Colleague: 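Quick one: structure below, then a few questions.
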Amino acid sequence: MKKRRQGKIIEIIETYEVGTQEELAGYLKEAGLDVTQATVSRDIREMKLTKVSLGDGRQKYVALRQDDLHMEDKYIRVLRDGFVSMDKAQNILVIKTVAGMAMAVAAAIDALKFHEVVGCIAGDDTIMVAVRTVEDTDRLMERIHAMVL
């Protein structure tokens, strides 16, 4: 039961921007897992989940290894340094970068493991990001916009 519940927690925090234990417990209950706040709190500690800033004053839970937190900052810095603009065409996000930076920015997007992203193709200054749905494209644009500000 515990392994199933903790697996579901990972799935939930990779899919949604969960900022509180109460939200997480709600998602678990929607998935058919009857949990208490104390159980969720214990799972968070055992799984070594941490919160990261979304850039708009909100935070969300993520599962990070010790070195991932340091690397995430580097990927965000690459994204911020190379980013010029972005636009969408349905579920394709087109990102313009500084000349010569598209491959590095695409690699950073892949490394950040956005749930919405299926994959990236990069040229010299343009990236085509395949996104799961049109709604996910809007959500991804908001998340990237918050990171590059």
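Everything numeric in this text was worked out from a predicted model, so none of it was measured. Heads up: numbering here begins at 1 and tracks the sequence.
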Colleague: Using side-chain hydrogen bond (donor to acceptor under 3.5 Å, both in side chains) as the criterion, list what pairs up with Asp138, not counting sequence neighbours.
Modeller: Lys88
Colleague: Sequence neighbours excluded, which residues qualify as side-chain contact (heavy atoms from CB on, under 4.5 Å) partners of Gln21?
Modeller: Gln37, Val40, Ser41, Ile44, Tyr61
Colleague: Of all heavy-atom pairs between Asp125 and Ala99, which one has the smallest distance, and what is that distance?
Modeller: CB-CA, 4.0 Å
Colleague: Using salt bridge (charged side-chain N to carboxylate O under 4.0 Å, His left out) as the criterion, list what pairs up with Lys2, not counting sequence neighbours.
Modeller: Glu46
Colleague: Does the side chain to side chain contact (heavy atoms under 4.5 Å, CB included) test come out yes or no for Met86 and Val94, once each step is laid out?
Modeller: CA-CA 6 Å; Met86 66 182 153; Val94 178; over 6 Å; no
Colleague: Would a single hydrophobic cluster contain both Val148 and Val129, if residues Ile, Leu, Val, Met, Phe, Trp and Tyr are joined by side-chain heavy-atom contacts under 4.5 Å?
Modeller: yes
Colleague: Run the salt-bridge test on Lys8 and Glu11 with the 4.0 Å N-O cut-off and return the result as yes or no.
Modeller: yes
Colleague: So does Lys3 get a backbone contact from the side chain of Gln6, meaning a donor-acceptor N/O pair under 3.5 Å?
Modeller: no
Colleague: Do you know the tightest heavy-atom contact between Ile127 and Cys120?
Modeller: CG2-CB, 4.0 Å
Colleague: With clusters defined by side-chain heavy atoms of hydrophobic residues (ILVMFWY) lying less than 4.5 Å apart, directly or transitively, does Leu28 cluster with Tyr16?
Modeller: yes
Colleague: Which heavy atom of Ala122 sits nearest to which heavy atom of Ala106, and what is that distance?
Modeller: CB-CB, 3.8 Å
Colleague: Checking Ser85 now: which residues fulfil side-chain hydrogen bond (donor to acceptor under 3.5 Å, both in side chains) with it, not counting sequence neighbours?
Modeller: none
Colleague: Using a 3.5 Å distance criterion without hydrogens, assess whether the side chain of Asp124 forms a donor-acceptor pair with backbone atoms of Gly100.
Modeller: yes
Colleague: My understanding is that only residues two or more places apart in sequence, or in another chain, count here; which of them pass salt bridge (charged side-chain N to carboxylate O under 4.0 Å, His left out) with Glu116?
Modeller: Arg143
Colleague: Would you say Tyr75 ends up clustered with Met103 if hydrophobic residues are merged whenever their side chains have heavy atoms under 4.5 Å apart, either directly or through other cluster members?
Modeller: no
Colleague: Could you check whether Lys29 pairs with Asp34 (Lys NZ or Arg NE/NH1/NH2 to Asp/Glu carboxylate O, under 4.0 Å)?
Modeller: no
Colleague: I'd like to check the side-chain hydrogen bond (donor to acceptor under 3.5 Å, both in side chains) partners of Arg132; sequence neighbours left out, ordered by chain and number.
Modeller: none
Colleague: Could you see if Val118 belongs to whatever hydrophobic cluster contains Val131? Use Ile, Leu, Val, Met, Phe, Trp, Tyr and a side-chain cutoff under 4.5 Å.
Modeller: no
Colleague: With sequence neighbours excluded, what pairs up with Thr126 under the side-chain hydrogen bond (donor to acceptor under 3.5 Å, both in side chains) test?
Modeller: Lys96
Colleague: The criterion is side-chain contact (heavy atoms from CB on, under 4.5 Å); which residues satisfy it with Arg80, sequence neighbours excluded?
Modeller: Ile76
Colleague: What ring pair (Phe, Tyr, Trp, His ring centres under 6.0 Å) pairs are there with at least one residue in residues 126-149, not counting sequence neighbours?
Modeller: none
Colleague: Going by the rule salt bridge (charged side-chain N to carboxylate O under 4.0 Å, His left out), which residues pair with Lys60 if we only count those two or more places apart in sequence or in a different chain?
Modeller: none
Colleague: Who pairs with Arg58 by salt bridge (charged side-chain N to carboxylate O under 4.0 Å, His left out), at least two apart in sequence or on another chain?
Modeller: Glu17, Asp56
Colleague: Under the side-chain contact (heavy atoms from CB on, under 4.5 Å) rule, collect the residues that match up with Ile10, sequence neighbours excluded.
Modeller: Ile13, Glu14, Met47, Leu49, Ala63
Colleague: Looking at Met101, Lys74, Met147, which one forms a side-chain contact (heavy atoms from CB on, under 4.5 Å) with Leu79?
Modeller: Met147
